[in-house]
Amino acid sequence: MPPSNDRSEKQAAAQLAVDILHEISTILNCHLDRRTLSICISMIENGVNPEALATAVKELRNEAQEVQIEAAGAGSSSTRARR
Amino acid sequence: MSQDRGHRISNAIDSLITHLIPSDPRNDEQAAQERHDACFDLVRSILERPEPPSISTDVNHASDLIKRKLIQSNPSQALRFSNLYTRLLSLPVLNQKWAILYLLYQLSDSPDPNEPLPLSPLGQPVQRAPARFAEEKRSSKASTPALPIQEEDEDAFSDAFAPGGLKKLPPERPRYSQDDESSSAPETSPKKQARDVSLKSILLADNSADYEPSETALLRDLPFTLQGLSSTTLPFAGETTLKLPPTLPSPIISLLHTLAEPSLLFRGLSSFVKSPAKGLLGQSLRAAINSELRQYLTLVATLEGQIRRALSSLDQNAPHGGIGKAGVTLKRCVVWTREATMGLRLMSLIAEESNNKRGGQLISLIHGFSTSHGDPVVASFAERLLADLTRPFYDILRRWIYDGELSDPHLEFFVREQSPNDKTQKETKAKGQTSVWNSKYEVVDAMVPSIITADFAQKVFLIGKSLNFIRHSCGDSQWVEAYSKTSSKELKYGDTATLEAWIDEAYKTTMQRLMNLMSTRFHLFDHLQALKNYILLGQGDFIALLMESLAANLDRPAGTQYRHTLTAQLEHAIRGSNAQYDSDEVLRRLDARMLQLSHGDIGWDCFTLEYKIDAPVDVVVTEWGNRQYLKVFNFLWRIKRVEFALASTWRKCMTGSRGVLQTEEEKVLQTWKSTRGVLAEMIHFVGQLQYYILFEVIESSWAELQKNIHKEGCTLDDLITAHTRYLTSITHKGLLGARRRQYHDSMKEAAAQLGRDTAEAAEDKNSYMIQLSELLRTMLAYRDSVDGLYSWSVSDFTRRQEVDATGLTRGNHHITPTNDGDDVFLSNSSGNIKSEFPALQERLKQLGLSFRTRLQILLGDLAYQPDVDMRFLGVSMNFNDVYQPVRRKTKPATGSGTTPAVAVAGSASASASASVSAAKA
C-alpha cells in the first residue's frame, strides 16, 4: 500500500510539474503540447543534453512540416488532375 | 543502468517522432518507416554530439535567461513566470529543472508547427530537400535567399499558389543553433514581430517589379523636386504642375503625388515671397513665410544627405538595388515631409487670402487661425507666424502711443488721418463742429486687428491723438519727447496682459498731462467760467452797468454805433464792476462789437459781446459752441433790455403818478390804472423768464458740467462731450432750440392731409424762439405806447397848468368878460384830448390784449412740454391761474395766433379785470 501510495503521490507531483512547465512553455511561445513536453521532460531526466534536444525538436518539426506540405501538394495536384 | 537509460531514450525518441511527424495516409508503410528511420538517425546524431561546454549547469542561469527575455518582450508575463518558477522549485520530482527550463528557453518563440509561417507570395520557398542535416545546412547557409537550382522545381508549386500568396515554410532558422542565430542576418531575429516586419519589407522589395526610372533614380531627383527645381525624371511642366513619368506603376505614382504637394506649394510660396508687397505688414508676412521656407529647405537638405548616404551604400547587386535595406525609400520621404507639408499648406492658404487684405486685416486673418482653429499644430504655427508678422504693426503702435506720430506710409494702422474731402467731415465742418482734436485722425474699424479689442483700440487712438495734440496744438513737444524717452517700451506680440498694462499706463499719463495742460497753461476752466459770467450774463453787476451805460447809445440807429464807443463802455463796465478782479487773461478776450447790420436796425439789435477763444481751447469751445453762446447771449441780452426798458418806464410812471400824472379826469385815470396792471404783468413775465433761464437752466447745467469735468480720470473727450451737452441743454431748455414735438406730429398729419409742403414745419422749428421774440417785441411796443401816454399826460398836465395860470391872472385882472374865450380854449383843449388820447388808449388796450393772448399760447405750449423744467416755467409764470393756457388743437393758419386770439378774446376780456387786480396785488 505505501509503495503504491508513494507512486500515486509521485505521479501527482509529476503531473503538477508538467502543468507548471506547460504553463511556462505557453508563456514562452514554445508551442509544445503536453505529450511532447512530458516526453522531453523524461528524456532530460534521463540525462539528455537540453540544447541538443531543442535542436532535435526543431528539426523534427521541420521534417513534419515538409511532410505536411508534400501531402498537401500531392492533394492539390491530385485535385487539379481530377479537374 | 546506462543501457537501460539508452533504451529509454530511444523509446522516447521514437514516441517523439511519431508524435511530431504526422503520418501521411497516402504514403505506404515503407516510406513512412524510412522517414521514421531517417528522423531517428537525425535525432540520435544530434543528441549524441558532445555537449558544448558553454552550458552551465546552474539552475538559476536558465531562469535568469528566461526572465530577462520576458522582461524585454512582455513584462507582465515575467511576474507570472517567477511565480511559476518558485512553485516549480518547490516540487520534489524533477532533478534537472534547469535543463528543462533551458530547453523551454531554447524552444521559446519558435514558430507554431501547426500554423506554418510566413507568407511567400511569389515565391522562392526555402529549400526543403527532404534530408538535410544541420551540418550541411550550416555550410550552405550563406546563400540563403535563393537557390536557383531549387527554384525550378518550385515553379509548379508557386504557380499553383501564387495568387493566394500561399504559405511559406518556416525558414531554416529553427535549425540553427543559438550561437549561429545571434550572428546571422536581421531576419533571423528572435522576436516574432520584428521578424514579420523585416520579412514584409523584404517581400515588398522582392515583390516590386522593375520599372523605369527606378526608385533610386527617383530618390536621387527627389531633393530637387522638393525645392521646386526641375529634374530629368520629374520636370515641372508649368507653374503648378509636375510631370510624372508615365512608365511608373500606380503605387509609385501615388507616392509621387503625395510628394508633389510640398514641391508645388513650395514653388507657389517662393514666388509669393518674391512678389512685391503692398505694405509693411505684407513685407513682414513675406519675411515670416520666407523664414518658414528656410526651415523647410533645411529639412530638404537633411533629407538629401540621407538619400545620398543611402544611395552610396547601396549594394548594386542586391535585388531592386537593395533599396529595402538602405533605409531611405520614397515612402519614408513621404513620412518625413508630412509635417512640413501641413505647414506649407497653411502658408499657401494665408498667402492666397492675404492678397486682398491689408494691415490690420492681415493680422486678423492669421490671428483667426491661431485662436479659432481646432488643430493645435495649425494654431501654434499661426502663432509663430504672428510673432514675426506683427512686428511692424507694433512698431507703428509704439510710435503712436509713445511719440504721438503716425508713421504709417501704407495706411495699415487702424488710425488714419482724415481725408479732407470725406463726406462726413464736410458735414461736421458745415456744422462748425470740426476741430483739430476731432477731425485730424479717425479710427478705421475695419483695420482694427482682432488681437486688440475695440475698447483697447479706442484707448490707443486717444493716447496717440492726445500726444499729437500736445505736441502740435499745445506746443509742448519737449514733454512729449521726454515722455517717449522715459517710457518707450518695446511692444511685442504675445504678452497681452503686459501690453495692456503699459497702454493703460500710457493712457493715464497722457490724459493727465493733457488735462493738466488744459487747466494750467490754457486756463480752460477759467475760460468756461468767464463765458458763463459774461456771455451768459452770470456777472450781474457787470451786465447792469454795461446796459446802463450803453442804453442811450444803443437806442440810436445801428449805423451810428462806433466800435470805439462800445469798447470804451465795455471798459467802463469792467472797471466799475467786480469784473475788474478777473484775471487779465480773461478780460483781454472780452470784446464788444456790432453784428452785421441790416436796414432799420437800432443799436440794440446789433450789439453783441464776444469772448475770443484761440487755439488749443477751441477744441472744447468749438465754432459751433461759440455760435451757441452768442445765440444765448443775444437772447438774454434782449430779455435784459426789455426788463431794463420796462423797469425804467415803471419807475417813470411811479414818480410821475405823484406829480405830473395827477388828473381829475376819470377816463385817463382808468387808462393809467389798466396800463400799470399790464406793465406789472409784463415785468412779472420777464422776471420769471430771466429767473428761469439764469437759474433753472444755466446754473443747473453748469453744476452738471462742473461735476462731469472734475470727475476722476476725465479725458479731453469727456470734457468736450460734457461741454457740448451743457450747451445743448442750455439752448434746449432755454427755449432757443426746442421744437414743439407734439405739434410737429399733428402738423405733419395736417400737412399731409392738406397737401401742403412742410415749409410751415420749418417755420415752426424755432417756435419758442419766435413766440418769445414776438412777446418781447409786443412788450417793447407797449412800453413805447406807455411812454407816449406819459408824454401826452405830461403835456396835458402842463397845458392844464398853463390854463390854470392864465385863468388865475385873467380872473385876477378881468373876471367877467372872458367866458367866451375860455370856452373856446376849453373846447380846443378837449378836442386835443379827443384827438390823441383815444388812439393811445386803443393801442394800449390792443397791445395788452395781444400780449396776453400770446402769453397764453406760450403757457399752453409749455404745459405740454415733456421737459419738467420747462413745464415748471409755465407754472411759475401762472402761479395763481390768472392766465388760461390755450392748447392749440390744430395748426392755425400762417397768421399765427389770430384764430386763437379771437377764440380766447372773450374769456381774456372777461378775466381782464381780475388779472389786473391780481397783478396789482
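Letters A, B, ... are given to chains in the order of the sequence lines, protein chains preceding strands, and every chain is numbered from 1.
Taking A/Leu21, A/Ile41, A/Asp19 one by one and counting their heavy-atom pairs under 4.5 Å with chain B, the maximum is reached by A/Leu21.
Counting heavy atoms from C-beta on, the side chains of A/Leu37 and B/Leu104 come closer than 4.5 Å. Side-chain contact between B/Ile17 and A/Glu63 is absent, with no heavy atoms from C-beta onward closer than 4.5 Å.
To the nearest 0.5 Å, the span separating CZ on B/Arg80 from OG1 on A/Thr26 amounts to 7.5 Å. From A/Ile27, atom CD1 reaches atom CG of B/Leu84 across 5.0 Å, with rounding to the nearest 0.5 Å. Interatomic distance, CG of A/Leu60 versus CZ of B/Phe40, reported as 11.0 Å (0.5 Å rounding). Here the OH atom belonging to B/Tyr105 is positioned 9.5 Å from the CG atom belonging to A/Leu28, to the nearest 0.5 angstrom.
Across all their heavy atoms, A/Pro50 and B/Leu103 have their closest contact at O-CD1, 3.7 Å.
In this view, B/Asn83 satisfies the side-chain contact (heavy atoms from CB on, under 4.5 Å) rule with no residue, not counting sequence neighbours. Not counting sequence neighbours, the partners of B/Ser15 by the side-chain contact (heavy atoms from CB on, under 4.5 Å) test are A/Arg35, A/Ile39, B/Thr18.
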